[in-house]
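The structure appears below as structure tokens.
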Protein chains: 2
Amino acid sequence: MLIGMGRWEPDARGRMQRAALELFAERGYEQTSAGDIAERAGVTERTFFRHFPDKREVLFAGTPMDEAMHDGVLAAPEHATPHEAALAGMCAGAALLEERRDYAALRARVVEATPPLRERELLKSAAMTAATYRALRTRGVSEPVADLAAHSAVTVFRVGFLRWVDARNDAAQQSFADIITATAAELRALM
Amino acid sequence: MLIGMGRWEPDARGRMQRAALELFAERGYEQTSAGDIAERAGVTERTFFRHFPDKREVLFAGTPMDEAMHDGVLAAPEHATPHEAALAGMCAGAALLEERRDYAALRARVVEATPPLRERELLKSAAMTAATYRALRTRGVSEPVADLAAHSAVTVFRVGFLRWVDARNDAAQQSFADIITATAAELRALM
DNA sequence: TACGCGATGACAGTCACTGACATGACGTGT
DNA sequence: ACACGTCATGTCAGTGACTGTCATCGCGTA
């Protein structure tokens, strides 16, 4: 019952997500309790756990990257190879972040510095791989090829993401999609 | 006198690890408390947390895969390409498991079925990537190439591991190292 | 106005983990 | 043999992450 805070201010979920990112960036993940986040958002701790299954998920809920990739793979041209189709899925996922580089970069810094959050991010990456794999299978790609293509495409996505948000790349900034294409070309040359 | 010998019953650490795998396989991770594991191992809960930083780590402590990979990369022939050197590191890591396929397969099943354990395993994979990257850098490989080579090599390792422990492959069983080599060749053909 | 629905608050409880202190076994020196 | 130091362990209290349960509040609707 905080003063000036009505019981049902709109967008409680968004307020909690913003409060969490702020607090994690200010004093760190370990030094921030779920109650702290809830308090800054003007709700109770119980409400926090009604919106998010656990403390980590507050930074990840709301951007269904895996679905975007799944659909992106299916939307690739008929004649595309499995690898090309998978990369098209990665670009579809990249499109979800393309307009929010600053936010993505701040969030990435916080996640990078916090092992529990890194774990959760890696699990999300695994979900992307699974979604890409399923979409490739739907396109008729064989199990082993879909498996490898999905894994390597998500690898390219993750490496590309780190390059995209890298603070040193501020001068000549490419789009996330372009970086993914360039990273994939590098990988091809490597082998 | 023997090094590392326990003062009470010997090998408390190993007993706890075996008890944990048994209990997780029997009734599941969530239905097993740290106290349950400790009890079966004949120690107290407090002792469990003296040996393992958290409940998940009990299934992962004791096999320094990342170090093996690091050393394996450095041991690769001078003339090896970055990609070849990275794969040599993967084979060095694979050697740590080669003699324990049944144990590795059971553990993999438990981990696969338990999101919190999957998260931890993915973090271990990230540590392998980091160790491989560092070793490649020591060999004089450039940052972007080492980055991609390490990521794709660990991807090959993980895909190869799943194939190695796949129950359907019981008949004509190849070695883990051979599967890694074959998987790498498949990936090359894919691109 | 009465009613139902959905989101929230309040409260108690379990479990993962941690710090502080006591105790038991073992090795060593005398 | 005996005292002492050391180290793994036992004991206990405490915090924080989460969950179940029930009461409450705001709003739409008959």
Side-chain angles (χ1 to χ4, degrees), chain A residues 1-21 23-24 26-62 110-111 114-120 123, chain B residues 1-21 23-24 26-62 110-111 114-120 123:
Chain A
M1 45 209 61
L2 298 175
I3 320 299
M5 192 66 73
R7 194 173 188 180
W8 273 297
E9 290 298 317
D11 195 26
R13 191 186 194 78
R15 286 202 320 275
M16 286 188 277
Q17 291 187 296
R18 283 186 290 275
L21 182 56
L23 288 167
F24 292 169
E26 287 171 16
R27 32 170 143 143
Y29 175 85
E30 306 283 356
Q31 283 63 46
T32 303
S33 76
D36 294 336
I37 301 171
E39 188 181 7
R40 179 169 295 200
V43 294
T44 61
E45 183 185 322
R46 191 64 185 90
T47 292
F48 177 89
F49 286 110
R50 282 204 182 88
H51 282 269
F52 309 104
D54 59 61
K55 183 181 162 188
R56 303 167 186 184
E57 196 68 14
V58 66
L59 280 197
F60 297 92
V110 171
V111 170
T114 313
L117 294 176
R118 282 200 61 187
E119 283 191 332
R120 181 55 48 85
L123 196 61
Chain B
M1 84 194 60
L2 298 174
I3 316 165
M5 192 169 67
R7 272 64 177 176
W8 265 253
E9 291 302 312
D11 197 25
R13 191 187 193 78
R15 286 201 322 272
M16 286 189 276
Q17 291 186 296
R18 282 186 291 275
L21 182 57
L23 287 168
F24 292 169
E26 287 172 17
R27 30 169 145 144
Y29 174 85
E30 306 283 355
Q31 283 63 45
T32 303
S33 76
D36 294 336
I37 302 172
E39 188 181 6
R40 179 169 295 199
V43 295
T44 62
E45 182 185 323
R46 191 65 184 88
T47 292
F48 177 89
F49 286 111
R50 282 206 182 89
H51 282 268
F52 308 104
D54 61 60
K55 184 180 161 188
R56 303 167 185 185
E57 196 68 14
V58 67
L59 280 198
F60 297 92
V110 171
V111 170
T114 312
L117 293 177
R118 282 201 62 190
E119 284 190 333
R120 180 54 50 85
L123 197 61

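The sequence lines fix the lettering, A, B, ..., with proteins before strands; numbering per chain opens at 1.
- Distances were taken from every side-chain heavy atom of Thr44(B) (C-beta onward) to each of dA16(C), dT11(D), dC18(D); the shortest belongs to dT11(D).
- Crowding of Glu57(B) atom CD: a count of heavy atoms from other residues, nucleotides or ligands under 6.0 Å exceeding 12.
- Mapping Glu45(A) and Met16(B) onto DNA chain D by nearest heavy atom places Met16(B) at the nucleotide closer to the 5' end.
- When the side-chain nitrogen and oxygen atoms of His51(A) are compared with OP1 and OP2 of dT8(C), one or more of them lie within a distance under 4.0 Å.
- The phosphate of dG10(D) has OP1 or OP2 within less than 4.0 Å of a side-chain N or O from Thr47(B).
- Rounded to an integer number of Å, the gap from Phe49(A) CZ to dA16(C) P is 15 Å.
- Closest to the Ser33(B) side chain, of the nucleotides dT21(D), dG10(D), dA16(C), is dA16(C).
- Side-chain atoms of Arg15(B) come within 3.5 Å of backbone N or O of Ala41(B) as a donor-acceptor pair.
- Asp11(A) and Arg18(A) are joined by a salt bridge, as a carboxylate oxygen and a charged side-chain nitrogen come within less than 4.0 angstrom of each other.
- Residue Gln31(A) contributes atom CD, which lies 15 Å from atom C1' of dA17(D) at whole-angstrom precision.
- Going from atom CZ of Phe52(B) over to atom P of dT9(D) covers 10 Å, rounded to whole Å.
- Computed from coordinates, the Phe48(B) CZ to dG10(D) P distance equals 14 Å when rounded to whole Å.
- Look at CG on Asp36(B): it is 14 Å from P on dC17(C), rounded to the nearest Å.
- Rounded to an integer number of Å, the gap from Arg13(A) CZ to dG6(C) C1' is 15 Å.
- Atom P of nucleotide dC15(C) and atom NZ of Lys55(A) are separated by 21 Å, given to the nearest angstrom.
- Under 3.5 Å, the side chain of Arg50(B) and the base of dG10(D) form at least one donor-acceptor pair of N or O atoms.
- For Ala12(B), the listed nucleotide lying nearest its side chain is dT9(D); candidates were dA10(C), dC18(D), dT9(D).
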Inset, instruction - In sequence, state the C-alpha distance, the side-chain angles, and the governing distance for Arg40(A) and Glu26(A), and then conclude on salt bridge (Lys or Arg N to Asp or Glu O under 4.0 Å). - result: CA-CA 13 Å; Arg40(A) 179 169 295 200; Glu26(A) 287 171 16; 3.1 Å; yes

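- Taking a cutoff of 4.0 Å between a charged side-chain nitrogen and a carboxylate oxygen, Lys55(B) and Glu30(B) do not qualify as a salt bridge.
- Across the protein-nucleic acid pair, Arg46(A) atom CZ and dA17(D) atom C1' stand 12 Å apart, rounded to whole Å.
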